[in-house]
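The structure under discussion appears below in the form of structure tokens.
Both counts, for ligands and for their atoms, begin at 1 and track the order of listing. Quick note: numbers below take in every heavy atom, side chains included, and nothing from hydrogens, waters or symmetry partners.
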Amino acid sequence: MPTFVMTMQIGFDANQIHFITKKALKGDMKAAEIVIEFLSGLEIKEATAIAYLIVYQIAMNVLLDLGEECRKCGGMCCKMGSAIELMDFDISELIESGVDISKLVKSNNKHYIPRPCPFQNGWKCTIHRSKPYSCLSYPFAVEDIQKDIIASWSPPNPPKPFIPDFCLAGKRAWQHIESAIQDFKNEYGREPTPQELLQYLRNRGQV
Ligand code: SF4
Ligand code: SF4
């Protein structure tokens, strides 16, 4: 489940961008501004689509309380699918947090979380504070899920993401985001940029 920034030809230290993106997905708004400005500044439509999708994911992770939806879903994203690839900075964070990394699978010098995930208890993640990058990216910022959306998107409307049918949290997050986009359009008579959408969503506060 690689995060899609991984596959972009960005021309400099990709690892650093991933690290900053992970901080953004955890709610570091300075990091969010840096990564969104960087992606938007590339002036490549795919990169702008990714910037929007990262904004959606930040809203889902930080600005919305979606525990009830995840409980109802039963934690499907941690149960189904192929093993989750980890970045080196994920491993460092897991070790620093005292997580038992013997539960990870190692192959070709890379570490993976198998699915069903051994860190899941019921529908809950038992390592929530040190969740890996790919887990923080689900579902809006996961390449495998959004690659067709990214490839086919063209401005000016912010991309409509693909949301797996079982992902009730993603559906509710998108309802909230779509309504914010519509409100922005009503107020300003145009589509929000990724930066503007993030700020607009932040101004609405946590819901
Ligand atoms: S993020 Fe979506 S798929 Fe994962 S547990 Fe929550 S509702 Fe279910
Ligand atoms: S580490 Fe947590 S969020 Fe990631 S797959 Fe496992 S239980 Fe789910």
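A heavy-atom distance below 4.5 Å is found between the side chains of Leu25 and Tyr133. Between Trp174 and Lys160, the closest side-chain pair of non-hydrogen atoms falls below 4.5 Å.
Side-chain N/O atoms of Glu196 and Tyr188 include no donor and acceptor closer than 3.5 Å.
Residue Glu43 qualifies as open at atom CD: its count of foreign heavy atoms under 6.0 Å is 12 or below. Residue Phe19 places its CZ atom among 12 or fewer non-hydrogen atoms of other residues, nucleotides or ligands, all under 6.0 Å distant.
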Apply side chain to side chain donor-acceptor pair (under 3.5 Å) to Gln57 and Tyr138, showing your working. CA-CA 7 Å; Gln57 192 64 44; Tyr138 191 88; over 6 Å; no
Where do Tyr56 and Leu201 land on the side chain to side chain contact (heavy atoms under 4.5 Å, CB included) test, with the steps shown first? CA-CA 9 Å; Tyr56 303 168; Leu201 286 161; 5.7 Å; no
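Near-neighbour remark for atom 2 (Fe) of ligand 2: protein N, O or S atoms under 2.8 Å are Cys125 SG; waters not counted.
Using a 4.0 Å cut-off to heavy atoms of Ile84, the atoms of ligand 2 that qualify are 5 (S).
Look at Asp90 and Lys131 and you find no salt bridge, because none of the NZ, NE, NH1 or NH2 atoms lies under 4.0 Å from a carboxylate O.
Around atom 2 (Fe) of ligand 1, protein atoms of type N, O or S found under 2.8 Å number 1.
A salt bridge (Lys or Arg N to Asp or Glu O under 4.0 Å) with Glu93 is found for one member of Lys22, Arg129, Lys23 and no other, namely Lys22.
Atom 5 (S) of ligand 1 has Gly75 CA, 3.4 Å as its closest protein atom, hydrogens excluded (heavy atom only).
Here the closest non-hydrogen pair linking Glu191 and Pro158 is OE1-CD, 3.1 Å.
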